[in-house]
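Notes for the one structure printed next.
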Amino acid sequence: MSLSSPEGFAHAAEIMNGFIVKFIFWGILTALAYHVCGGIRHLLMDFGYIEESLAVGTRSAQVVIGLTVVLSILAGVFVW
């Protein structure tokens with residue numbers, strides 16, 4: 001649609017400026033940030049940089065959630 005004509009591009013841009021589309025895009029970026037942070041955490045555990053105990057696992061999970069919140073806020077600033 002966006003490549004069909006200048007009017008088509010304007011219509012596609014108008015759709016992308018809607019609140020629902022931005023909210024969905026923000027949600028996808030937040031999920032991606034959590035997935036990447038969790039994956040890095042697991043890689044660090046697999047390589048032995050993070051001890052595998054309940055206390056350390058709980059703390060590293062809290063760090064991942066905190067980092068995800070920060071990245072989620074940054075994604076919101078980026079989207080809006």
Side-chain angles (χ1 to χ4, degrees):
M1 174 193 312
S2 67
L3 297 177
S4 64
S5 66
E7 293 82 19
F9 181 81
H11 183 65
E14 180 183 328
I15 290 171
M16 292 303 292
N17 283 330
F19 176 77
I20 300 295
V21 174
K22 286 183 178 183
F23 185 75
I24 291 170
F25 189 57
W26 173 77
I28 291 169
L29 288 176
T30 299
L32 180 64
Y34 177 72
H35 185 73
V36 168
C37 291
I40 291 171
R41 172 183 172 241
H42 280 281
L43 280 173
L44 291 174
M45 286 176 142
D46 288 344
F47 287 133
Y49 293 115
I50 298 176
E51 180 184 335
E52 294 184 14
S53 67
L54 182 60
V56 174
T58 302
R59 185 67 185 148
S60 66
Q62 291 170 344
V63 168
V64 164
I65 290 176
L67 188 58
T68 301
V69 167
V70 170
L71 291 174
S72 175
I73 291 169
L74 290 175
V77 169
F78 173 73
V79 169
W80 276 283

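The CG atom of Leu32 lies 9.5 Å from the SG atom of Cys37; values are rounded to the nearest 0.5 Å. Here the NE2-CD1 distance, from His42 to Ile50, works out to 9.5 Å after rounding to the nearest 0.5 Å. Taken from CD1 in Ile20 to CD1 in Ile24, the straight-line distance is 6.5 Å, to the nearest 0.5 Å. In this structure, CD1 in Ile73 is found 9.5 Å from OG1 in Thr30, a value given to the nearest 0.5 Å. In this structure, His11 NE2 and Ser5 OG are separated by 10.5 Å, a value rounded to the nearest 0.5 Å.
Cluster membership for Leu71 and Ile40, using ILVMFWY side-chain heavy atoms within less than 4.5 angstrom, is not shared. Residues Phe19 and Ile28 share a hydrophobic cluster, clusters being chains of Ile/Leu/Val/Met/Phe/Trp/Tyr side chains in contact below 4.5 Å. Phe47 and Leu44 end up in the same hydrophobic cluster when Ile, Leu, Val, Met, Phe, Trp and Tyr side chains are linked at under 4.5 Å.
Using cut-offs of 30° and 60° for the angle between ring planes, the Phe23 and Trp26 rings count as tilted.
Between Arg41 and Val64, the shortest heavy-atom distance links the atoms CD-CG2, 3.6 Å. Nearest approach of Glu52 to Met45, heavy atoms of both residues: OE2-O, 3.3 Å. Met16 approaches Lys22 most closely through the heavy-atom pair O-CG, 3.8 Å. Between Phe78 and Leu29, the shortest heavy-atom contact is CD2-CD1, 4.3 Å.
Within the 3.5 Å criterion, the main-chain N or O of Val56 finds a donor-acceptor partner in the side chain of Ser60.
In this structure the side chain of Phe25 never reaches within 4.5 angstrom of the side chain of Trp80, judged on heavy atoms.
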